[in-house]
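When a ligand or atom number is given, it counts from 1 through the structure's own listing order. Note that this is a predicted model, so its numbers are computed, not measured.
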Amino acid sequence: MSKTVLVATEKPFAKAAVDGIKNQLDKVGYKLELLEKYTEKQEFLDAVKSVDALIIRSDNVTKEVIDAADNLKIVVRGGAGYDNVDCAAATAKNVVVMNTPGQNSNAVAELAFGMMLNLARQKYSGKAGTELKGKIVGIHAYGNVGKAVARIAKGFMMTVKAFDPFVSSDVMEADGVVSVATIDELYSSCDYISLHIPANESTVKSINYAVLSEMKKGAALINTARKEVIDEAGLIEMFEKREDFLYGSDLTPDCKDELIKRFENRVFITAKKMGAQTAEANINAGIAAARQIVNFFEKNDTTYKVN
Ligand code: 3PG
């Protein structure tokens with residue numbers, strides 16, 4: 001039976017990705033509805049009312065959104081992190097939640113290197129900088145993005161270390177990555193720390209002053225993960241106590257103005273979350289989301305279900 005799929009993206013997918021989604025849905029006679037660049041929650045609540053499926057990015061799918069959707073059966077987050085979806089509310093209404101793991105990981109990893117280079121080259125200010133070659137990058141969480149960071153780091157001739165209690169050291173070692181046993185060991189031994197932990201109950205505010213203060217002299221923290229994992233009071237304390245500390249973030253911290261005002265030369269923050277904002281990542285994640293929806297309705301396929 002025909003279904004209606006809403007793509008609700010405050011930060012839209014590239015046009016080629018939307019065309020690809022439409023193409024997937026056309027093949028099975030599903031209807032595509034688009035809500036892009038919306039500014040009011042009410043627009044989202046109205047748009048979701050009678051759709052069968054929903055594709056989103058970092059858009060907040062709260063209990064209110066789920067309750068406003070009379071026919072909703074599935075939400076697919078086009079991307080990796082699904083901390084923006086109230087999974088408990090979805091489960092309570094028998095709504096399946098999926099993500100599209102790995103589809104945008106190369107884009108995020110490339111941006112992590114863009115930020116490392118930016119800081120290494122003193123923000124392209126005209127001052128002499130340093131090179132990545134020969135430095136040590138510490139990957140905090142070795143999932144799809146972490147693996148992509150490791151792959152690119154080798155091209156820069158960096159030593160790669162990783163900490164991830166959920167991934168065996170054999171997996172890391174097979175990739176030529178040095179597995180370290182503790183967070184302290186990772187933070188104290190690397191020139192760059194690239195963060196890839198999800199935001200959840202055990203990680204929110206986990207990157208605090210105690211963790212940061214372990215960092216090597218002149219080291220940089222690169223955050224392409226989530227702003228919530230940083231304890232911002234601890235981050236400011238680190239900037240105050242350690243004049244050598246550098247921070248690159250693809251997430252806008254709540255304390256952005258203070259960081260820019262007080263530590264401008266040592267911080268780089270993107271204008272908007274840009275990690276997955278490439279045509280390729282949008283196409284990969286958007287089309288995967290559409291395919292997962294079609295397979296869910298047509299074949300009862302619940303691969304990538306997260307709730
Ligand atoms: C993800 O979790 O996949 C990334 O954070 C991408 O987020 P975005 O779709 O909002 O760019």
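- Contacts between Arg77 and ligand 1, counted as non-hydrogen atom pairs separated by less than 4.0 Å, involve the side chain only.
- We find that Lys299 and Asp301 are not joined by a salt bridge, their nearest charged nitrogen and carboxylate oxygen being 4.0 Å or further apart.
- The nearest protein atom to atom 3 (O) of ligand 1, hydrogens excluded, is given as Ala80 N, 2.6 Å; this is a heavy-atom distance.
- The nearest pair of heavy atoms linking Thr130 to Arg121 is O-NE, 3.4 Å.
- Nearest heavy atom pair, residue Gly78 against residue Asn104, reads O-ND2, 4.4 Å.
- A 6.0 Å sphere centred on NZ of Lys22 holds no more than 12 heavy atoms belonging to other residues, nucleotides or ligands.
- Residue-to-ligand polar distances place Asn104 within reach of ligand 1: an N/O pair is separated by less than 3.5 Å.
- If you check the side chains of Thr62 and Asn60, you find no donor sitting under 3.5 Å from an acceptor.
- A search for ring pair (Phe, Tyr, Trp, His ring centres under 6.0 Å) contacts involving Phe13 returns nothing, not counting sequence neighbours.
- Of the listed options Met274, Lys273, Lys11, Lys11 places a heavy atom closest to atom 11 (O) of ligand 1.
- Close approach to Arg226 involves these atoms of ligand 1, each under 4.0 Å from a residue heavy atom: 1 (C), 2 (O), 5 (O).
- Residue-ligand proximity, Ala276 to ligand 1, at heavy-atom distances under 4.0 Å covers atoms 6 (C), 11 (O).
- The nearest pair of heavy atoms linking Tyr142 to Asp164 is N-OD2, 2.7 Å.
- Shown in contact with Gly81 at under 4.0 Å from a heavy atom are these atoms of ligand 1, numbered in order with element: 1 (C), 2 (O), 3 (O).
- When hydrogens are left out, the protein atom nearest atom 10 (O) of ligand 1 is Ser58 OG, 2.4 Å; that is the closest non-hydrogen contact.
- Listed by number with element, the atoms of ligand 1 under 4.0 Å from a non-hydrogen atom of Gly79 are 3 (O).
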